[in-house]
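Per chain, numbering begins at 1; letters A, B, ... match sequence-line order.
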Number of protein chains: 2
Amino acid sequence: MVNQKEIEMGRLGEFIGFRLRRVQNLLSKDFASATRKYNLRSGLFSSLSLISSNPGISQNELSAAVGLDKSTFVQVIDELEKRGLAKREKSKTDRRRHALFVTDEGQIFLNELYEIMAKTESAALKQLSPSELSLLKALLDRMYEVL
Amino acid sequence: MVNQKEIEMGRLGEFIGFRLRRVQNLLSKDFASATRKYNLRSGLFSSLSLISSNPGISQNELSAAVGLDKSTFVQVIDELEKRGLAKREKSKTDRRRHALFVTDEGQIFLNELYEIMAKTESAALKQLSPSELSLLKALLDRMYEVL
DNA sequence: TTAAATAGTTTGGTTTATCAACTATTATGT
DNA sequence: ACATAATAGTTGATAAACCAAACTATTTAA
């Protein structure tokens, strides 16, 4: 039995946030089910990736970038460390800070996740021409910068 | 003190889901802080809106559309009723179902929320020309349909 | 007319996010 | 220089959300 009655979006459909959430919701659910065996908590993938591209980043900088509270983040980093994917090191210039680094094992794992993510998005991306895709990215970036 | 060190997105920046989440995250946080005084639980606004545009919808149909579990949803509807914003009515054709309706008061409240949401999005939308906005919506809809 | 399915509810267990308070360290103002 | 404020990270309490299971009432199917 398929969707028989289409739901009317009404004024909700006028808002761009609604459309963003709809698409992002489906993408993240697909990614979650494709990586269920890894038991990834939310924010773990993006954290690991951002540590990789910003070696030595602090927990606060990272939590701001990912959009999670810094206290939630302690457990994310705990888990990355426990799994041997990343490690904390005391910063030498500011001993309050923990400089974060991805381990070799973490980088290998990360590359697997990139492939899964690329596969997850491929269906959606096939709908867009290259120029449409780059325009979409540019529009989203413009919106992000001003918020 | 402003952002001094720009974060490097690395391979994460290749993925469209990352950009979608970033923007949507900021939008929903802005909306949440603009409506903090109303003490809205998550899903309440979109539920009320979808009941309004689909009068008589059932709880199961609604929970699927909003993306929340049906058991979580019981409390959302409880709260809508307690606040006098919506009401349950026994369906006459199927007495298992609750047909949901927005009250007059609920519609007034909903209109306020629409305005707040429009204001929340206005900063982001000012960045886009009308044609860019309609293209953005079209691209997002194309992605949504295929997922 | 049994048996199975559906809509809604309740309960219990698990996970996650958020907030305030706390320690340690660094930065600032006079 | 010294008192005060700000920052980074952590902890613990609290509040939501999810999930699964069990249950009632009702409808559909065999």
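Residues Q59(A) and R97(A) have side chains that never bring a donor and an acceptor to within less than 3.5 angstrom of each other. Of the N and O atoms on the side chains of S58(A) and N60(A), not one donor lies less than 3.5 Å from an acceptor on the other residue.
Taking a 4.0 Å limit (strictly below) on heavy-atom distances, residues 18-38 of chain A does not reach DNA chain C anywhere.
At the heavy-atom level, S91(B) lies nowhere under 4.0 Å from the strands shown. Within 4.0 Å of S58(A), counting heavy atoms only, lie sugar-phosphate atoms of the nucleic acid but no base atom.
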What's touching nucleotides 15-17 of chain D from the protein side, N or O pairs under 3.5 Å?
from	atom 1	to	atom 2	distance (Å)
dA17(D)	OP1	S42(B)	OG	3.1
dA17(D)	OP2	R41(B)	NH2	2.5

Close N or O pairs between protein and nucleotides 23-25 of chain C (under 3.5 Å):
from	atom 1	to	atom 2	distance (Å)
dT25(C)	O2	R96(A)	NH1	3.3

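With rounding to whole Å, I77(A) atom CD1 is found 13 Å from dT11(D) atom P. Look at NZ on K70(B): it is 14 Å from P on dA5(C), rounded to the nearest Å. For the pair R97(A) CZ and dA27(C) C1', the computed distance is 13 Å after rounding to whole Å. One atom, CG of L100(A), and another, C1' of dA8(D), lie 11 Å apart when rounded to the nearest Å. When rounded to the nearest whole Å, the span between CG of D69(B) and P of dT14(C) equals 17 Å. The distance from atom CD1 of I57(B) to atom P of dG8(C) is 10 Å, rounded to the nearest whole Å. Rounded to whole Å, the distance from NZ on K90(A) to P on dT26(C) is 9 Å. Separating the NE2 atom of H98(B) from the C1' atom of dT26(D) is a distance of 11 Å, rounded to the nearest angstrom.
Comparing L40(A) and S71(B), the nucleotide of DNA chain C nearest to each residue sits closer to the 5' end for S71(B). Where F73(A) and K92(A) each meet DNA chain C at their nearest nucleotide, the meeting point lying more 5' is that of F73(A).
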If you look only at distance, which donor and acceptor atoms sit under 3.5 Å apart when one is on a side chain in residues 139-147 of chain B and the other is two or more places apart or in another chain?
from	atom 1	to	atom 2	distance (Å)
D141(B)	OD1	R19(A)	NE	2.8
D141(B)	OD1	R22(A)	NH2	3.3
D141(B)	OD2	R19(A)	NE	3.2
D141(B)	OD2	R19(A)	NH2	3.1
R142(B)	NH1	E132(A)	OE2	3.4
R142(B)	NH2	Q127(A)	O	2.7
R142(B)	NH2	E132(A)	OE1	2.7
R142(B)	NH2	E132(A)	OE2	3.4

Side chains of residues 36-43 of chain B: which donor-acceptor partners sit under 3.5 Å, not counting sequence neighbours?
from	atom 1	to	atom 2	distance (Å)
Y38(B)	OH	E112(B)	OE1	2.7

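Between L12(B) and S53(A) the shortest side-chain heavy-atom distance does not fall below 4.5 Å.
Nearest to the side chain of V74(B), among dT11(D), dT10(C), dA7(C), sits dT10(C).
Side-chain N/O atoms of N60(A) include none lying less than 4.0 angstrom from OP1 or OP2 on dT7(D).
For R95(B), the salt bridge (charged side-chain N to carboxylate O under 4.0 Å, His left out) criterion is met by no residue, not counting sequence neighbours.
Relative orientation of the F15(A) and F45(B) rings is perpendicular, given thresholds of 30° and 60° on the angle between their planes.
Between D94(A) and the options H98(A), K92(A), R96(A), a side-chain hydrogen bond (donor to acceptor under 3.5 Å, both in side chains) holds for only R96(A).
L20(B) CG to L20(A) CG: the interatomic distance, rounded to the nearest 0.5 Å, is 6.0 Å. One distance of note links OG of S52(A) with CZ of F101(A); it measures 12.0 Å at 0.5 Å rounding.
By the 4.0 Å N-to-carboxylate-O rule, E115(B) lies too far from K119(B) to be salt-bridged with it. Salt-bridge check for R83(B) with D78(B): failed, with every basic side-chain N at 4.0 Å or more from each acidic carboxylate O.
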